[in-house]
Amino acid sequence: MNDDVMRAMPLQGYLRTVRDALRLYFGLGMLGVLGFLWSLLAAPLYYILPRRFGIALGRSLVYHAFRFYLRTLAAIGACRFDLSALDALRGQPPMIIAPNHPSLIDAVLVISRVPGLACIMKASILDNPSLGAGARLARYIRNDSLRNMITLAVADLRQGHHLLLFPEGTRSTRQPIGPVRGSVGLIAKQAQVPVQTVLIEMDSPFLAKGWPLFRHPRMPVTYRLRLGRRFAAPQDVQKFVAELEAYFDSALADAGLPLSPTRAEDDD
């Protein structure tokens, strides 16, 4: 290998690192700006619009904003997305959409493909000044009170909406999936709706549990979503939760999910 090639290799690696860092900062900045601008509009609308119209407008705008955001990430080469499997859920009777949760971006992926989707969110996000107003207008459901969360989720499902609920309750703490919580079974049982599993696969630990927000990965990061098994509304919640966790463990065993978010990225 001649000297010119040897000198070009470190330069190419450096340029790729700079390019990936710029993509990361642009993506995070764009998400923050979209959230801030939407909050400026959503805050007064929350008090002005009747609840029914606020839900319809809020969820529609979040859906379109997330679609635009993911298209932008794809256009700048930050990510590749294969999300079309979720399109089959549009227009179907209400159900709980239950994905595994390997990454911070998972909710964005699902919401961008299923219009009118309800979502259970951390109370800290709903209280966030940049993101909270839009989520409150859409009447996304807080998770800080289990009884209230279940009551609101069941009511939303009975109004004909799908509900996005991550069975783990947080990003995966182990691979392929962390412990499944009982709330998914309780809501499905009370609302008498099926639970549609979604299998999220990615080729990087980017934004997984423990990943620093401003640490850039090797790009593009690839995301693929597949529809998994659909479970009927359970009668025995404890048995259902065990069966659901076992299903995810089996279905994701060969998915190749990254094992550790702290593993050093290969920059060669």
Side-chain angles (χ1 to χ4, degrees), residues 35 38-39 42 46 51-52 54-56 58-63 65-66 86 89 92-128 130-173 177-200 207 209 225 227-228 230-231 233-234 237 240-241 244-245 248:
W38 172 220
S39 290
Y46 177 81
R51 177 183 176 87
R52 182 165 62 92
I55 289 174
R59 294 181 186 179
S60 175
L61 289 178
V62 171
Y63 162 75
F66 282 171
L86 294 181
L89 302 179
Q92 292 197 23
M95 68 184 73
I96 295 175
I97 299 174
N100 59 309
H101 198 3
S103 166
L104 196 61
I105 199 175
D106 299 333
V108 176
L109 303 179
V110 178
I111 293 171
S112 74
R113 303 300 294 204
V114 186
L117 188 67
C119 182
I120 292 178
M121 300 183 68
K122 289 183 177 180
S124 59
I125 297 178
L126 282 162
D127 293 336
N128 185 288
S130 176
L131 302 174
R136 289 193 296 272
L137 178 64
R139 267 60 176 197
Y140 289 159
I141 299 165
R142 303 171 67 93
N143 72 346
D144 52 352
S145 166
L146 180 61
R147 178 177 295 181
N148 189 56
M149 180 187 79
I150 292 174
T151 299
L152 292 175
V154 170
D156 208 288
L157 285 161
R158 288 175 175 168
Q159 291 171 7
H161 304 131
H162 294 332
L163 173 70
L164 172 61
L165 172 58
F166 294 103
E168 300 163 87
T170 186
R171 280 173 290 169
S172 301
T173 55
I177 189 171
V180 171
R181 299 185 179 183
S183 53
V184 60
L186 288 169
I187 294 170
K189 180 179 180 179
Q190 291 193 24
Q192 282 298 290
V193 297
V195 176
Q196 172 65 62
T197 60
V198 174
L199 308 175
I200 299 179
L207 296 181
K209 201 81 167 179
L225 273 60
L227 294 182
R230 184 175 299 185
F231 290 80
V237 171
F240 169 77
V241 167
L244 184 64
E245 186 172 325
F248 272 116

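Side-chain atoms are counted along with the backbone in the values below, which use heavy atoms only and exclude waters and symmetry mates. Each residue takes its place number in the sequence, starting with 1.
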Participant: Look up atom OG1 in Thr151 and atom CG in Asp156, then write down how far apart they are to the nearest 0.5 Å.
Facilitator: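 Interatomic distance, Thr151 OG1 to Asp156 CG, rounded to 0.5 Å: 12.5 Å.
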Participant: Is a donor on one side and an acceptor on the other found under 3.5 Å between the side chain of Gln190 and the backbone of Ile187?
Facilitator: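 No: the side chain of Gln190 does not pair with the backbone of Ile187.
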Participant: To the nearest 0.5 Å, what is the distance between SG on Cys119 and NE2 on His161?
Facilitator: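 It is 13.5 Å, given to the nearest 0.5 Å.
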Participant: Evaluate Val193 against Arg158 for side-chain contact (heavy atoms from CB on, under 4.5 Å), listing each step before the verdict.
Facilitator: CA-CA 9 Å; Val193 297; Arg158 288 175 175 168; over 6 Å; no
Participant: Which distance, rounded to the nearest 0.5 Å, do you find between the CD1 of Ile97 and the CZ of Arg113?
Facilitator: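 The distance works out to 12.5 Å.
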Participant: Does the distance from a Lys or Arg side-chain N to an Asp or Glu carboxylate O, for Asp106 and Arg171, drop under 4.0 Å?
Facilitator: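 Here Asp106 does not pair with Arg171 in a salt bridge, since their nearest N and O are not under 4.0 Å apart.
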Participant: Considering non-hydrogen atoms only, spot the tightest contact between Arg230 and Pro194 and give its length.
Facilitator: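 That would be CG-CB, 3.9 Å.
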Participant: Quick one, Thr170 and Lys209 - any side-chain contact, counting heavy atoms below 4.5 Å?
Facilitator: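 Yes, at least one pair of side-chain atoms sits under 4.5 Å.
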Participant: Take Leu89 and Leu227 through the side-chain contact (heavy atoms from CB on, under 4.5 Å) test and state the conclusion after the steps.
Facilitator: CA-CA 9 Å; Leu89 302 179; Leu227 294 182; 4.0 Å; yes
Participant: Testing the basics here: between Ile141 and Leu126, what is the closest heavy-atom pair and its distance to 0.1 Å?
Facilitator: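 Scanning both residues completely, I find the closest heavy atoms to be C-CD1, 4.1 Å.
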Participant: Atom CZ of Arg142 and atom CD1 of Ile120: how far apart are they, to the nearest 0.5 Å?
Facilitator: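 Separation between the atoms: 13.0 Å.
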Participant: Does the pair Tyr140 and Ile125 meet the rule for a side-chain contact (heavy atoms from CB on, under 4.5 Å), with working shown?
Facilitator: CA-CA 10 Å; Tyr140 289 159; Ile125 297 178; over 6 Å; no
Participant: For the backbone of Met95 and the side chain of Gln196, can you confirm whether one donor and one acceptor N or O come within less than 3.5 Å of each other?
Facilitator: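 Answer holds: no.
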Participant: Indicate yes or no for a side-chain donor-acceptor contact from Thr197 to the backbone of Ala98 under 3.5 Å, with no hydrogens or angles considered.
Facilitator: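 Between the backbone of Ala98 and the side chain of Thr197 there is no qualifying donor-acceptor contact (under 3.5 Å).
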Participant: Looking only at non-hydrogen atoms, find the nearest pair between Pro179 and Thr173 and report the distance.
Facilitator: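 Scanning both residues completely, I find the closest heavy atoms to be CD-OG1, 4.0 Å.
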Participant: Atom CZ of Arg181 and atom CG of Leu244: how far apart are they, to the nearest 0.5 Å?
Facilitator: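 Arg181 CZ to Leu244 CG: 14.0 Å, rounded to 0.5 Å.
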Participant: Closest heavy-atom contact between Ala107 and Phe166?
Facilitator: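 Shortest heavy-atom separation between Ala107 and Phe166 comes out as N-CZ, 3.7 Å.
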Participant: Check Pro99 against Leu165 and note the closest heavy-atom contact, atom names and distance.
Facilitator: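 Answer, listing the atom of Pro99 first, then Leu165: CD-O, 3.7 Å.
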Participant: Apply the test side-chain contact (heavy atoms from CB on, under 4.5 Å) to residues Phe248 and Leu199: give CA-CA distance (whole Å), side-chain angles for both, the deciding distance (0.1 Å), then the verdict.
Facilitator: CA-CA 8 Å; Phe248 272 116; Leu199 308 175; 3.8 Å; yes
Participant: Distance-only, no hydrogens or angles: does the Asp127 side chain make a donor-acceptor pair with backbone N or O of Gly132 under 3.5 Å?
Facilitator: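 Here the side-chain-to-backbone pair does not exist.
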Participant: Roughly how far apart are Tyr46 OH and Arg51 CZ, rounded to 0.5 Å?
Facilitator: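 These two atoms lie 8.0 Å from each other.
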Participant: Counting N and O atoms only, with roles assigned by atom type, does the side chain of Arg136 sit under 3.5 Å from a partner on the main chain of Gly134, one being a donor and the other an acceptor?
Facilitator: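 No; zero donor-acceptor contacts below 3.5 Å.
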Participant: So which atom in Gly185 and which in Pro234 form the shortest heavy-atom distance, rounded to 0.1 Å?
Facilitator: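 Of all heavy-atom pairs spanning Gly185 and Pro234, the closest is O-CG, 3.7 Å.
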